[in-house]
Structure formats: structure tokens, C-alpha cells
Amino acid sequence: MWQIGNHRIELGLGLWQKYPYRCLVDLATQAEDAGYDVLWCGNEKFYRDMWVMAGLVAAHIKQARIGTFIAEPYSYHPAMMAAAIATLDEATNGRAILLLGAGGVGFREMGITRDRPVRAVEDAIKIIRAMLRGEPATLEDSVIEAHGARLAFEAR
């Protein structure tokens with residue numbers, strides 16, 4: 001355990017999906033054995049899928065938390081993010097972390113315009129929070145919209 005005075009320092013490791021999943025799973029288990037607290041699953045476009053990687057890592061580790069690195073609302077709708085992070089959290093007994101941002105690369109190639117990134121992240125937060133609370137999410141006339149999106153299962 002790392003510590004400065006009375007403050008515990010947590011260690012995190014970013015897993016870049018350039019490598020085959022077997023290699024990433026091996027790295028994740030080694031990192032957990034070495035004492036890393038959080039394993040961040042990368043979201044570089046056109047590499048291996050972040051959500052699939054998070055599920056595979058979750059199936060092979062026992063204690064470390066698993067986070068998105070970074071989920072963004074342009075190529076993956078926040079309503080789906082709410083379902084994905086709630087599923088990962090359920091599968092890991094409360095060890096999932098959603099790191100949300102506006103993203104940076106790959107949008108042009110997909111024909112996506114990264115319009116008003118701060119507002120898009122704010123919209124995503126509103127949608128995700130409502131859904132994780134078990135409420136329907138409605139957000140209209142915004143960068144990211146939702147029309148009564150609701151999880152079909154209870155989230156923590």
C-alpha cells in the first residue's frame with residue numbers, strides 16, 4: 001500500500017486495447033497481484049471494445065475496481081452507458097467506475113460531429129444519473145437527448 005502521511009494513495013493502471021484480450025487479461029491479473037487498486041479499460045476508437053474488455057477483466061480479477069477510460073456520449077448513447085456500467089457494477093459487486101468525458105479521436109472517421117463537448121457531458125451525466133436512480137430519463141432540445149429512457153433492472 002502506498003501512503004503519504006495518513007493518506008492512502010491508490011494506484012491505477014490504464015489498459016490500452018492495442019493488445020489481444022488474452023494479453024490484457026494477463027496484464028490485469030498481474031496488476032491486481034502487484035497491488036493496483038483500479039484497472040482502467042481504454043476506449044481508443046478502432047481498437048478492441050472497452051465494454052467487452054471491462055467484462056473480460058472483471059471475470060478474471062477479484063478485488064481491483066474496473067473503470068472506463070473514457071466513456072463518451074457521442075458514439076455510445078448515455079442510456080446505453082447507464083445499462084453497461086450498472087451491469088458491470090452488478091457483475092463486480094460494486095467495483096465499477098464510470099469515467100466520463102467528451103472523447104477526442106475517431107469521430108471524423110465515423111461521421112460524428114463532436115458538438116458542444118461540455119454540454120454533451122453534462123447531458124450524459126443527467127441521463128445516466130436519472131437512470132441509475134431508477135427514474136426515466138428525458139432530455140430534449142439538447143446535444144444528447146433521451147425520451148423516457150429507463151433501466152429494466154435495478155442498479156446500485
Side-chain angles (χ1 to χ4, degrees), residues 9-28 31-32 36-61 64-92 94-156:
I9 305 293
E10 291 192 339
L11 296 176
L13 178 67
L15 303 172
W16 185 34
Q17 53 310 17
K18 172 183 178 181
Y19 304 103
Y21 279 123
R22 184 72 251 156
C23 178
L24 291 166
V25 167
D26 289 346
L27 181 58
E32 183 178 54
Y36 281 84
D37 302 289
V38 184
L39 302 173
W40 298 100
C41 297
N43 190 22
E44 289 292 324
K45 303 298 181 262
F46 312 117
Y47 284 95
R48 291 161 182 87
D49 184 76
M50 173 182 70
W51 295 105
V52 173
M53 183 192 338
L56 286 171
V57 167
H60 289 87
I61 63 170
R65 293 189 313 280
I66 301 159
T68 59
F69 185 49
I70 295 174
E72 48 76 19
Y74 294 103
S75 65
Y76 201 71
H77 194 280
M80 298 309 299
M81 275 189 237
I85 200 65
T87 301
L88 184 62
D89 196 61
E90 179 181 73
T92 61
R95 293 182 290 125
I97 302 171
L98 178 63
L99 178 58
L100 188 62
V105 298
F107 298 125
R108 182 181 53 78
E109 294 87 341
M110 294 185 285
I112 296 172
T113 303
R114 190 172 167 260
D115 186 35
R116 298 181 290 169
V118 173
R119 179 66 186 270
V121 170
E122 290 172 345
D123 293 347
I125 290 168
K126 290 175 187 172
I127 293 166
I128 293 165
R129 282 184 174 164
M131 292 180 69
L132 293 178
R133 286 191 304 259
E135 302 167 2
T138 298
L139 198 59
E140 297 174 350
D141 298 323
S142 217
V143 177
I144 309 292
E145 294 189 359
H147 307 280
R150 184 179 207 136
L151 289 178
F153 64 99
E154 189 174 321
R156 176 179 68 93

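Values reported hereafter were calculated over all heavy atoms of this structure, with side chains retained and with hydrogens, waters and symmetry mates removed. Everything numeric in this text was worked out from a predicted model, so none of it was measured.
Side-chain contact check for Val57 versus Leu15: some heavy-atom pair is nearer than 4.5 Å. Counting heavy atoms from C-beta on, the side chains of Gln17 and Leu24 come closer than 4.5 Å. At least one side-chain heavy atom of Phe153 sits under 4.5 Å from a side-chain heavy atom of Thr87.
The CG atom of Leu88 sits 14.0 Å away from the CE atom of Met81 when rounded to the nearest 0.5 Å. Between the CZ atom in Arg119 and the OG atom in Ser142 there is a gap of 3.5 Å [rounded to 0.5 Å]. A distance of 8.0 Å separates CD of Glu135 from CZ of Arg150, quoted to the nearest 0.5 Å. The structure places CD1 of Ile125 at 11.5 Å from CG of Leu139, a figure rounded to the nearest 0.5 Å. Here the straight-line distance linking atom NZ of Lys18 with atom SG of Cys23 works out to 10.5 Å at 0.5 Å rounding. Note that CD1 of Ile70 is 9.5 Å distant from CD of Glu44, once rounded to the nearest 0.5 Å.
Of all heavy-atom pairs between Met131 and Ala137, the closest is CG-CB, 3.8 Å. Between Ala54 and Ile66, the closest heavy-atom pair is CB-CG2, 4.0 Å. The two atoms that bring Leu151 and Ala86 nearest to each other are CD1-CB, 4.2 Å, heavy atoms only. Closest of all the heavy-atom pairs between Thr92 and Ala58 is CG2-CB, 3.5 Å. Taking each heavy atom of Ile61 and Ala64 in turn, the nearest pair found is CD1-O, 3.6 Å. Contact between Ile85 and Thr68 at its shortest, heavy atoms only, is CD1-CG2, 4.4 Å.
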### Task
Before giving the answer on side chain to side chain contact (heavy atoms under 4.5 Å, CB included), spell out for Ile128 and Leu100 the whole-Å C-alpha distance, their side-chain angles and the decisive distance to 0.1 Å.
CA-CA 10 Å; Ile128 293 165; Leu100 188 62; 4.3 Å; yes
### Message
side chain to side chain contact (heavy atoms under 4.5 Å, CB included) for Lys45 and Met110? Distances and angles first, verdict last.
### Response
CA-CA 10 Å; Lys45 303 298 181 262; Met110 294 185 285; 4.0 Å; yes
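Taking the six-membered ring where tryptophan is involved, the planes of Tyr74 and Phe107 are perpendicular, since the angle between them exceeds 60° and thus also 30°.
Residue Tyr21 places its OH atom among more than 12 non-hydrogen atoms of other residues, nucleotides or ligands, all under 6.0 Å distant. Atom CD of Glu154 sits in a sparse spot, with 12 or fewer heavy atoms from other residues, nucleotides or ligands closer than 6.0 Å. For Arg108, the CZ atom sits in a loose shell: 12 or fewer heavy atoms of surrounding residues, nucleotides or ligands are nearer than 6.0 Å.
No donor-acceptor pair closer than 3.5 Å links the side chain of Asn43 to the backbone N or O of Met50. Side chain of Asp37 to main chain of Gly12: no donor-acceptor pair is present (N/O by atom type, distance under 3.5 Å, no hydrogens or angles).
Salt-bridge check for Arg114 with Glu72: failed, with every basic side-chain N at 4.0 Å or more from each acidic carboxylate O.
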